[in-house]
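Within every chain, numbering begins at 1; the chains are lettered A, B, ... in the order of the sequence lines, protein sequences first and strands thereafter. Bear in mind that the values here come from a model prediction, so they are computed numbers and not experimental data.
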Number of protein chains: 2
Amino acid sequence: MYANFSETIINRLSIYMHYLIEQEEQGKQLVSSYDIAQVCGVTAGLVRKDLARFGKFGVKGVGYDVAELCEGIKRILGLDHPLRVAIIGIGTLGSYLLSFQEFFNGNYEIVAVFDTNPEAAITCIASETGKPVNILHLNHLGEVHEAHQIDIAMITTIPSEAQEATDHVVQVGIRGILNFTSSHVKVPMGFVVKNIHFVNVQDSLIYVLQFSQYG
Amino acid sequence: MYANFSETIINRLSIYMHYLIEQEEQGKQLVSSYDIAQVCGVTAGLVRKDLARFGKFGVKGVGYDVAELCEGIKRILGLDHPLRVAIIGIGTLGSYLLSFQEFFNGNYEIVAVFDTNPEAAITCIASETGKPVNILHLNHLGEVHEAHQIDIAMITTIPSEAQEATDHVVQVGIRGILNFTSSHVKVPMGFVVKNIHFVNVQDSLIYVLQFSQYG
DNA sequence: GGATGTGAAGTCGTTCACAGCT
DNA sequence: AGCTGTGAACGACTTCACATCC
């Protein structure tokens with residue numbers, strides 16, 4: 001296993017990987033650090049440094065084999081086997097996540113959707129995606145986790161219910177949590193939460209715009 | 001205006017600010033760097049350093065006035081006046097963004113929604129939010145921008161149409177772009193793109209989970 | 001020739017400890 | 001006593017330049 005590197009570096013590896021997946025789908029076999037750098041918005045030297053931390057993936061004078069490097073990064077990230085995801089709370093956001101499974105590039109699988117009011121939700125989903133989706137009451141989270149070993153729970157409830165939903169997730173022993181709500185949630189040691197708040201990105205965009213005026 | 005600080009720092013200011021807005025709504029008047037630090041997941045010293053870069057906001061021995069600090073950060077970020085947003089492409093993601101206007105805490109206003117197929121979209125939206133929403137053909141983007149001075153365009157089309165939509169946005173002169181699609185988009189100098197790809201966060205969550213086993 | 005891998009240098013971000021104000 | 005503001009020490013990240021290999 002690869003020692004504990006910083007989130008900054010790991011996040012870039014993820015970006016590189018998704019670029020490589022794209023290239024692989026388009027049939028490209030070889031890329032250079034310059035190719036990766038340009039698309040991902042970093043310098044070529046940094047790409048090489050990032051990769052060199054984890055081993056030697058390239059061939060001097062030639063570049064990187066797309067499929068090989070992609071597999072290498074997947075191994076580093078822990079994405080070399082399929083990962084199971086549960087969605088907790090099925091409003092507009094939950095149904096969006098369901099409909100965009102293609103985002104996941106095959107690494108993730110949504111195994112179940114939970115809500116405290118599953119009947120009301122079913123109509124919503126059916127009209128959105130056209131797919132039949134199994135929506136279960138949150139009480140069944142434990143059984144499903146026992147049966148399928150869920151890696152990540154996505155919290156997509158309304159903000160005021162986020163902590164309660166998270167407590168439930170923690171209680172059944174799912175250790176990875178993606179919090180899409182605007183509330184902060186707390187978990188005990190050994191569990192990991194990552195927040196996805198696009199508003200912060202939006203705010204920093206506004207900040208940068210102040211300094212990028214023409215002239 | 002406040003000189004060009006790094007995205008890391010600006011992103012934290014945004015996180016602090018949203019915490020302060022929450023506290024203000026709950027009637028709290030005073031916070032310490034320790035309060036902010038605990039909720040936002042950083043150290044108290046870092047909070048003070050971050051703020052000190054931009055001026056003196058607190059009172060020694062006392063703490064920070066919530067409303068005052070909140071206003072201060074808004075001024076730094078450029079959020080001290082309402083900002084106008086357009087949504088380009090109205091599928092499940094676009095309708096989610098519409099329905100979550102409360103996320104924005106009053107700083108942002110969605111002035112219009114555009115699509116290349118507005119008729120098809122209208123039904124989708126109406127059933128989602130229950131609100132009447134004006135969906136216009138993308139051809140009208142220029143007029144609306146003239147009339148309302150749009151600050152940010154959110155690209156929420158299907159990935160294969162992202163670049164085309166972005167080109168349109170650039171052409172009418174909207175300089176801030178939030179790209180929610182999985183495609184990379186290119187813009188000329190003077191324009192700013194920020195990507196919102198939760199998959200990268202999800203990937204890094206998986207990485208971290210490898211090292212947080214019990215025991 | 002062309003691209004990687006890497007030490008060394010340089011920059012940037014964070015922690016620490018404490019002086020100073022209330 | 002409590003909490004901010006800040007220089008100094010520390011550590012992490014990034015760039016640079018070049019030796020190295022295909």
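- Annotation: A:Tyr2 is not in aromatic contact with B:Tyr207 [ring centroid separation under 6.0 Å not met].
- Side-chain contact annotation: A:Asn200 with B:Asn11, donor-acceptor N/O pair under 3.5 Å absent.
- Side-chain N/O atoms of B:Lys56 include one lying less than 4.0 angstrom from OP1 or OP2 on D:dT6.
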Where protein sits on nucleotides 10-16 of chain D, one letter per nucleotide: B base, S sugar-phosphate only, - none, heavy atoms under 4.0 Å: ---SBB-

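- OP1 or OP2 of C:dT4 sits under 4.0 Å from a side-chain N or O of A:Arg48.
- Here D:dC3 presents its P atom at 13 Å from CD1 of B:Ile36, a figure rounded to the nearest Å.
- For B:Asp80 and B:Arg75, the salt-bridge test fails: no basic side-chain N is under 4.0 Å from an acidic carboxylate O.
- One interatomic measurement links the two molecules: CG of B:Leu13 to C1' of C:dG13, which rounds to 14 Å at whole-angstrom precision.
- Spacing between atom OH of B:Tyr34 and atom P of D:dG5 amounts to 12 Å, rounded to whole angstrom units.
- Between A:Glu7 and A:Lys194 a salt bridge is recorded (basic side-chain N to carboxylate O distance below 4.0 Å).
- Remark: the A:His18 side chain and the B:Asp203 side chain contain an N/O donor-acceptor pair separated by less than 3.5 Å.
- Taking atom CG of residue A:Leu69 and atom P of nucleotide C:dT4, one finds them 10 Å apart after rounding to whole Å.
- One can place CG of B:Leu30 at 10 Å from P of D:dC3, the figure rounded to the nearest angstrom.
- As a whole-Å value, the separation of A:Lys60 NZ from D:dC21 C1' is 5 Å.
- When the nearest nucleotides of DNA chain C are assigned to A:Ser32 and B:Gly61 by heavy-atom distance, the more 5′-ward of the two goes with A:Ser32.
- Phosphate proximity of C:dG5 to A:Tyr64: present, with a side-chain N or O under 4.0 Å from OP1 or OP2.
- Between B:Phe57 atom CZ and C:dT22 atom P the separation is 18 Å, expressed in whole Å.
- In the model, B:Asp167 has no side-chain atom that pairs as donor or acceptor with a side-chain atom of B:Gln171 under 3.5 Å.
- Less than 6.0 angstrom separates the ring centroid of A:Phe54 from the ring centroid of A:Phe5.
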